[in-house]
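Notes to accompany the following structure.
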Amino acid sequence: MKKKNKRLITILIFMTFFAFGSVILLFNLRENLIFFYSPTEVFEKQIETTQMIRVGGMVKNESLAKKIKTIEGRQLEEISFVITDFENELVISYIGILPDLFKEGQGVVVEGFLKNVGKFEAKTVLAKHDENYMPPEIKDIKSIKDNKI
Amino acid sequence: MIFNLANPLRFQRLTEKIEPITLNIAIILLLVGLFFCFFGSPPDYLQGETVRIMYIHVPCAWFSLMIYSIIAICSIFSIVFKHTLADLISRSCAPIGACFTLATLLSGSIWGKPTWGTWWVWDARLTSELVLLVIYLGLIIINNAYEDKSKADRYSSILAIIGIINLPIIKWSVDWWSTLHQPASISKFSSPSIDPSMLLPLFIMTFSFFFFFISILLVRVRGEIIQRKIEVIRFNRMV
Amino acid sequence: MVLEIISVYFRRNKRLIFYNFNLKLAKSQIIILIGENGVGKSSLFDLSVGILKPEKGVIKINEIPINEIDQKKKDLFTYLPHKDSLKEYLTVEENLFNWLELVDIKIRKEKLLNTLKFFKLNNLKNNLIGNLSQGQRKKVSLTKLLLSKCNLWILDEPFNGLDIDSINKTKKMICNHKENGGSVLLASHINLNIEGSKRIFIKSPKLKISNKIASFDTWENIK
Amino acid sequence: MVLEIISVYFRRNKRLIFYNFNLKLAKSQIIILIGENGVGKSSLFDLSVGILKPEKGVIKINEIPINEIDQKKKDLFTYLPHKDSLKEYLTVEENLFNWLELVDIKIRKEKLLNTLKFFKLNNLKNNLIGNLSQGQRKKVSLTKLLLSKCNLWILDEPFNGLDIDSINKTKKMICNHKENGGSVLLASHINLNIEGSKRIFIKSPKLKISNKIASFDTWENIK
Amino acid sequence: MGKYKVKLDFFKLVKREIRIMLKNFSIIYSFSTFFVIASLIFVFSVNDISYVKIFYKSIVWIVLIFSIMLVSENFLNEDFNDGSLKELQFLGFSEESIMVSKSIAMWVMIMIPMLFLVPLVFVFFQITLYELINLVINLFLATPSLTLISILSSLFSVQLKRNKIIQFVIILPFFVPMIIFTTSTGTLFESYNLNENQFLILIGIFFITLPVCLMAGRLIMKEINK
Amino acid sequence: MGKYKVKLDFFKLVKREIRIMLKNFSIIYSFSTFFVIASLIFVFSVNDISYVKIFYKSIVWIVLIFSIMLVSENFLNEDFNDGSLKELQFLGFSEESIMVSKSIAMWVMIMIPMLFLVPLVFVFFQITLYELINLVINLFLATPSLTLISILSSLFSVQLKRNKIIQFVIILPFFVPMIIFTTSTGTLFESYNLNENQFLILIGIFFITLPVCLMAGRLIMKEINK
Ligand code: HEM
Ligand SMILES: Nc1ncnc2c1ncn2[C@@H]1O[C@H](COP(=O)(O)OP(=O)(O)OP(=O)(O)O)[C@@H](O)[C@H]1O
Ligand SMILES: Nc1ncnc2c1ncn2[C@@H]1O[C@H](COP(=O)(O)OP(=O)(O)OP(=O)(O)O)[C@@H](O)[C@H]1O
Ligand SMILES: [Mg+2]
Ligand SMILES: [Mg+2]
């Protein structure tokens with residue numbers, strides 16, 4: 001009987017430990033496990049320019065622009081666009097091939113270096129898409145509806 | 001009542017009856033499902049044809065989690081009640097689960113290339129899924145490394161129970177932290193954000209996989225039971 | 001009763017070892033277990049100290065079931081299993097001091113030296129255990145009995161590897177312990193003449209392999 | 001002479017073990033070494049097989065000094081030391097096969113099984129050594145004797161941990177070997193009645209501590 | 001009084017472990033050498049020191065983990081083989097206290113050489129003092145969990161004599177989160193202020209690993225003598 | 001004829017070692033998994049595959065050394081503890097052949113999984129084919145010396161436990177030159193042609209370690225049973 005009580009107490013202590021640990025983790029983990037920052041966070045954090053980071057957000061509508069640049073004698077197409085979290089915006093410049101799913105109004109994650117305030121030089125561009133799946137026809141109907149409203 | 005059914009011998013007899021039925025269902029569903037996957041469903045408005053990978057990826061991902069949950073529940077059972085059938089089931093489940101996890105990872109990477117633009121990133125969901133695979137591998141290794149099967153069962157149960165921590169992380173990592181992987185489309189509280197025309201093949205495939213899983217599991221468990229029987233007879237043969 | 005083993009059922013490695021086994025050890029009694037190799041003597045000791053758990057049945061020490069004993073077990077019995085848990089790279093003295101500290105016995109160095117004299121180990125006290133002969137090593141672990149204050153001694157083949165002189169000394173030690181009200185449970189293959197000791201022959205249970213062998217979970221199907 | 005130990009001087013760990021020790025083992029002879037624990041029986045065996053080197057003196061097997069033997073020693077003797085060199089994670093069968101290969105004996109599986117029957121180990125053949133009882137384990141290493149084809153057996157306490165039945169079997173085995181012209185050198189603390197065996201009592205050499213103790217390098221100063 | 005006794009018992013075990021450890025000096029030795037050599041390998045293999053500087057944390061951690069595993073192997077195996085583990089159990093020490101005492105002893109044994117090794121890291125990787133302090137605090141907070149996990153893992157493999165590597169396979173996935181938290185943040189914000197957030201995470205991890213490892217260890221230890 | 005017999009004996013020993021090793025086949029399996037996970041740890045901690053690429057050699061080497069150390073410890077300690085080493089000696093196998101057979105067995109045990117792992121390295125770290133071939137040849141040439149050295153060092157540690165005569169034998173540092181040669185040269189001249197110079201150095205090292213290790217091993221083994 002007594003021994004059983006002892007075990008019960010140990011298990012209870014263990015449970016509290018576990019709960020305590022989980023609470024600590026849940027409150028502190030967000031920062032560390034995050035895959036990318038939003039533009040707002042980038043502005044708040046004051047990240048050094050030598051630091052490779054990832055920034056994610058929506059590609060702002062009608063912000064995509066391309067221009068030809070000459071680097072080391074080769075003609076390369078520099079792509080620039082703006083990503084936004086609807087509070088802050090960040091201008092991204094990128095040389096390379098965009099993923100197929102890259103579209104204005106869609107999510108994107110870019111990886112690279114912060115050049116100066118509001119400017120970002122991307123090394124990689126990853127498309128991030130949302131959880132909606134539908135056939136094109138329905139999409140059209142939906143967007144028509146949205147437009148009406 | 002449950003323990004009555006859980007008698008290995010009775011279980012074996014039951015499985016002999018069930019197994020052909022489940023296998024047939026699985027095959028029929030698979031054929032129908034494959035038709036719907038490739039011909040009977042529309043392309044996505046954004047991804048186009050690549051969306052069809054979903055019909056493999058998502059069921060595999062669900063089963064990788066579900067099978068682990070089964071193993072975990074059986075492990076708790078085997079630790080608390082020391083029931084042999086629970087051991088047999090978790091032992092038989094581990095390789096199947098590992099296969100599903102591997103399939104998830106592979107199909108995910110294959111899908112990731114056209115959609116995200118990369119095979120692999122270290123975001124929370126993908127990493128934790130990879131950890132799941134490693135845990136599965138650990139379970140398999142333990143199950144085979146010890147000569148003494150009952151010891152192996154005990155140890156792998158312990159490992160499986162520790163590994164439970166990983167499950168909620170896989171499941172909700174997309175909600176807790178910002179990840180590249182998309183948040184839940186179907187398994188969420190509001191209505192699914194996938195069009196019904198795409199949901200249909202997904203569900204057919206899911207059920208097909210489910211029945212496949214059940215029939216493979218039954219075969220494996222039966223094999224295990226027979227093996228143990230042989231062992232008992234071998235060990236108890238008198239001089 | 002100092003030790004009671006009541007209708008114990010036990011399997012090891014799927015092999016049947018004990019089928020409804022009973023044993024009682026009273027105060028001031030010596031029980032010598034005798035049996036074939038592999039019949040389960042050492043397993044019985046492990047069961048009695050609670051390292052192994054029987055599948056059925058109860059084991060009581062001082063009338064308390066072993067798995068409900070609350071106080072430290074080290075005050076109840078001294079068990080010398082086959083593996084003597086001596087560290088080869090520590091000296092005799094260090095090993096014994098380590099053990100003494102574990103079982104909460106405080107002793108002065110001179111006392112220990114005196115005790116070591118019983119088995120003529122006193123001038124080996126600074127030798128590493130790894131450099132002792134088999135018999136000397138066995139004597140070191142038997143010295144633990146001289147130091148312990150427990151009532152119940154459980155000894156697994158304590159005479160193995162000892163020379164005749166030391167066997168007699170050990171016998172005397174055991175008899176003394178009995179005289180002082182202690183109880184001893186030991187296994188031995190050597191024909192011992194310890195007065196007042198009770199010998200118990202253990203036989204391995206015969207088993208009928210029924211057709212129902214498959215349901216190996218229940219005892220009913222085994223016998 | 002099968003084994004000859006001629007005026008051997010040996011110290012171990014700075015302790016004097018043998019001072020001018022002599023021993024002769026003829027063909028068809030059994031010698032049982034008896035002596036206190038730590039007197040040096042096991043050391044003598046190690047000396048005879050050439051693992052330890054005497055400081056002075058010669059050891060000959062079949063008239064050849066041990067350190068000049070050219071052919072493989074495994075054909076000359078079978079030595080069962082205290083540590084039985086069985087791997088705990090291998091089965092009985094695997095362990096024996098490993099040993100057989102080392103000593104260059106080719107045997108069919110059925111033959112091995114038959115041999116295992118002698119000690120009733122046949123249904124343990126697939127058990128891991130680590131899961132055997134002490135006595136069973138000892139029997140496994142004794143089975144090596146049944147398989148070996150050597151003339152000279154050197155056995156360090158072969159009866160330790162065996163039950164009475166097996167002790168008798170082992171005795172018979174040793175007698176048989178002698179009958180067939182083999183020689184056996186063994187150490188045992190158990191009082192054995194093996195006919196035609198010679199017992200040798202080993203005593204530890206007394207040492208006179210002279211004033212010149214400092215120069216303990218020369219044997220002359222010790223005694 | 002009961003509590004007082006439990007405490008005493010516990011210290012006794014720790015003392016025993018440390019006493020035995022200190023005799024078996026080769027463990028500390030092999031730990032330190034492995035650590036130094038492994039770090040050296042990194043430094044030498046990359047001719048550009050600036051790269052090494054970026055990764056010094058990962059390097060230190062990985063090397064640490066490996067060496068901890070090397071040591072823990074030793075710790076439990078021996079006790080199992082010579083019957084000491086069994087003795088501790090039948091003397092009535094609870095499995096939890098055995099686990100904890102072993103990991104405390106191991107922790108001490110690892111921290112002592114670490115004190116000498118950390119300045120070495122300082123010189124090797126040419127990091128700043130702040131980074132060093134950060135690293136030391138991190139080590140201090142993370143090693144308890146690491147030792148617990150590694151002791152648990154060697155418990156798993158104690159009966160598998162030759163297949164020692166199995167323990168890594170079993171347990172490395174549990175190290176993975178530790179490593180992510182201890183190393184990756186550092187590379188994300190290489191700021192000059194101490195990173196309390198990270199410390200809190202390590203403490204949180206410790207509070208989770210402690211009960212989990214103890215419970216699992218208890219279960220395994222109960223099984224080990226069967 | 002005598003020579004022929006010696007050869008046979010020697011193969012027998014190697015076979016014995018490998019058989020014992022392979023008994024638990026999962027060791028190869030675990031080894032491979034271990035390798036993968038250990039590399040993954042690097043990836044985890046560095047968070048960026050392009051950086052990990054810089055270190056692929058160091059990673060491979062560290063994992064290799066670590067596993068060799070782990071395995072060799074086992075290889076000798078166990079044989080010593082259960083008396084097998086003594087048995088081999090009194091059966092008349094020469095100390096050299098014991099050493100060499102053990103290291104060959106170990107080498108095989110390490111090389112077999114390596115063969116499967118090397119393509120993985122190729123994919124994992126995205127190295128070029130030339131680098132890969134270079135790495136493989138390096139591994140091939142360096143591991144014999146490594147296994148010899150590690151077996152010698154575990155012989156020392158066995159001896160150390162028995163009598164504390166040789167307290168501070170520094171054997172592991174012998175690894176260092178090996179590593180420096182194998183890892184640093186590769187990155188110093190990251191050329192696309194195979195690096196014969198380096199290979200020659202490795203072969204040279206092997207011809208030095210072989211006699212040194214065998215002689216030292218013989219001496220220690222003679223001493224070990226005293
Ligand atoms: C290697 C890469 C990937 C891994 C390891 C992975 C893993 C997973 C896992 C474990 C789940 C199950 C989550 C749950 O049950 O809630 C899941 C669900 C899903 N994944 Fe992936 N995934 C990967 C790549 C992708 C990609 C590239 C896409 C699409 C662009 C994708 C789309 C989905 C969808 C739609 C679901 C269903 C979500 C729901 O449950 O509603 N995954 N994935
Ligand atoms: N490895 C060793 N190193 C140093 N000294 C040793 C070693 N082994 C034994 N000794 C010492 O050598 C002496 C002889 O030991 P040995 O093992 O030969 O005795 P024994 O006659 O076999 O005794 P027992 O009957 O106990 O087996 C003992 O005093 C012992 O302390
Ligand atoms: N660790 C183990 N795992 C599985 N089975 C074991 C283990 N140890 C012993 N056994 C088996 O249990 C049975 C009883 O062993 P035990 O050691 O109790 O015998 P014993 O009576 O002490 O024999 P001995 O006289 O040889 O010491 C034996 O048949 C043995 O094969
Ligand atoms: Mg026994
Ligand atoms: Mg002896």
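Chain naming here is simple, since letters A, B, ... match the order of the sequence lines and numbering starts at 1 in each.
- The heavy-atom pair separating A/Lys128 from B/Gln182 by the smallest distance is NZ-CA, 4.5 Å.
- Within the 4.5 angstrom heavy-atom criterion, only backbone atoms of A/Val125 (N, CA, C, O) approach chain B.
- Around the CZ atom of B/Phe207, the shell of radius 6.0 Å holds no more than 12 heavy atoms that belong to other residues, nucleotides or ligands.
- The number of heavy-atom neighbours closer than 6.0 Å to NZ of A/Lys60, taken from other residues, nucleotides and ligands shown, is 12 or below.
- For the residue pair B/Leu180 and A/Ala127, the shortest heavy atom distance occurs at CD1-O, 3.9 Å.
- Applying the 6.0 Å contact sphere to NZ of A/Lys119 captures no more than 12 heavy atoms from other residues, nucleotides or ligands.
- The distance from the CZ atom of A/Phe18 to the CD1 atom of B/Ile165 is 4.5 Å, given to the nearest 0.5 Å.
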